[in-house]
Amino acid sequence: MSAPSLWLMKSEPDVFGIDDLARKKTEGWNGVRNYEARNFMKSMKVGDKVLFYHSNAKPSGVAGIAEVSRTAYPDPTQFDPKSDYFEPRATPAAPVWFQVDLRFVSKLPRLVPLDELRGTPALADMALFKRSRLSVIPVTALEWKIITGLAKS
DNA sequence: GCCAACGTTGGC
DNA sequence: GCCAACGTTGGC
């Protein structure tokens with residue numbers, strides 16, 4: 001089996017933050033409506049590691065660690081006409097949007113804020129900055145090591 | 001297939 | 001709440 005891949009996934013803590021994941025233990029990551037993010041989720045394997053990022057927060061930054069507990073399956077909200085995430089083009093036989101399940105691993109010793117990530121030269125090439133609006137982003141092993149290291153200092 | 005208009009994300 | 005960035009939609 002290949003090594004787990006590493007990711008960063010964004011969530012607004014006012015809606016669902018790391019403390020919510022800690023309480024619920026696992027969560028279906030529904031509501032992703034971007035093709036590139038969807039394709040990243042489809043490539044995830046059980047055991048892949050995820051940096052849980054708080055967006056639209058005070059401050060925004062990396063708050064914790066999760067792991068993929070279920071590989072991609074159709075996002076049920078796309079079939080629900082009452083949902084904000086309803087997708088009229090989708091049918092159960094031909095779903096458009098997918099989600100994975102994430103399991104809580106840990107909360108970082110401290111939140112690593114965005115401006116600190118920006119201020120770290122070794123992280124200058126992070127996809128997080130180049131693709132600032134993407135909510136599912138691949139992370140390199142070095143980036144992972146640096147960010148989790150910052151959280152311990 | 002181009003591109004203007006529009007909608008959404010997310011930092012501030 | 002504002003607005004820049006940028007992905008998506010739809011007219012042609």
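Throughout, a chain's letter reflects where its sequence line sits, starting with A, and its residues are numbered from 1.
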Exercise. Check whether any side-chain nitrogen or oxygen of A:Lys10 sits under 4.0 Å from OP1 or OP2 of B:dG10, and answer yes or no.
Key: yes
Quiz prompt | Nucleotide C:dG1, atom P - distance to NZ of A:Lys58 in whole Å | solution = 11 Å
Exercise. Output the single nucleotide from C:dG7, B:dC12, C:dT8 whose closest atom is nearest the side chain of A:Tyr35.
Key: C:dT8
Exercise. Measure from CD1 on A:Ile137 to C1' on C:dA5 and round the result to the nearest Å.
Key: 14 Å
Practice problem: Give the rounded distance in Å between these two atoms: CD of A:Glu87 and P of B:dT8. | Solution: 13 Å
Quiz item: Which word best sums up how the rings of A:Trp29 and A:Phe52 line up, parallel for under 30°, tilted for 30 to 60°, or perpendicular for over 60°?
Solution: perpendicular
Practice problem: Would you mind reading off the distance between A:Leu128 atom CG and C:dC6 atom P, rounded to a whole angstrom? | Solution: 13 Å
Exercise. Determine the contact category for A:Tyr53: base if any of its heavy atoms lies under 4.0 Å from a base atom, sugar-phosphate if only primed atoms, P, OP1 or OP2 are that close, otherwise nothing.
Key: sugar-phosphate
Practice problem: Specify whether A:Tyr35 and A:Trp97 have parallel, tilted or perpendicular ring planes, treating 30° as the upper limit for parallel and 60° as the lower limit for perpendicular. | Solution: tilted
Quiz item: A:Asp48 side chain to A:Lys45 main-chain N or O, any donor-acceptor pair under 3.5 Å?
Solution: yes
Quiz item: Taking CZ from A:Arg38 and P from C:dT8, how many angstroms apart are they, rounded to a whole number?
Solution: 10 Å
Practice problem: Just compare B:dG10, B:dT8, B:dG11 and give me whichever is closest to any side-chain atom of A:Arg133. | Solution: B:dT8
Quiz item: Below 4.0 angstrom from OP1 or OP2 of B:dC12, is there any side-chain N or O of A:Arg118?
Solution: yes
Self-check item: A:Glu36 CD - C:dA5 P separation (whole Å)
Solution: 19 Å
Quiz prompt | 5′-ward residue of the pair A:Asn56/A:Ser132 relative to DNA chain C | solution = A:Asn56
Exercise. Round to the nearest Å and state the distance from A:Glu12 atom CD to B:dT9 atom P.
Key: 8 Å
Quiz prompt | Nearest listed nucleotide, side chain of A:Asn34, among B:dG10, B:dC12, C:dT8 | solution = C:dT8
Self-check item: Greater than 12 external heavy atoms within 6.0 Å of A:Tyr85's OH
Solution: no
Quiz item: A:Leu114 CG to B:dT9 C1': how many Å, rounded?
Solution: 14 Å
Quiz item: Hey, does the side chain of A:Arg131 come within less than 4.0 Å of C:dG7's phosphate (OP1/OP2), counting only N and O?
Solution: yes
Exercise. State whether the side chain of A:Arg89 and the backbone N or O of A:Ala94 hold a donor-acceptor pair below 3.5 Å, judged by distance alone.
Key: no
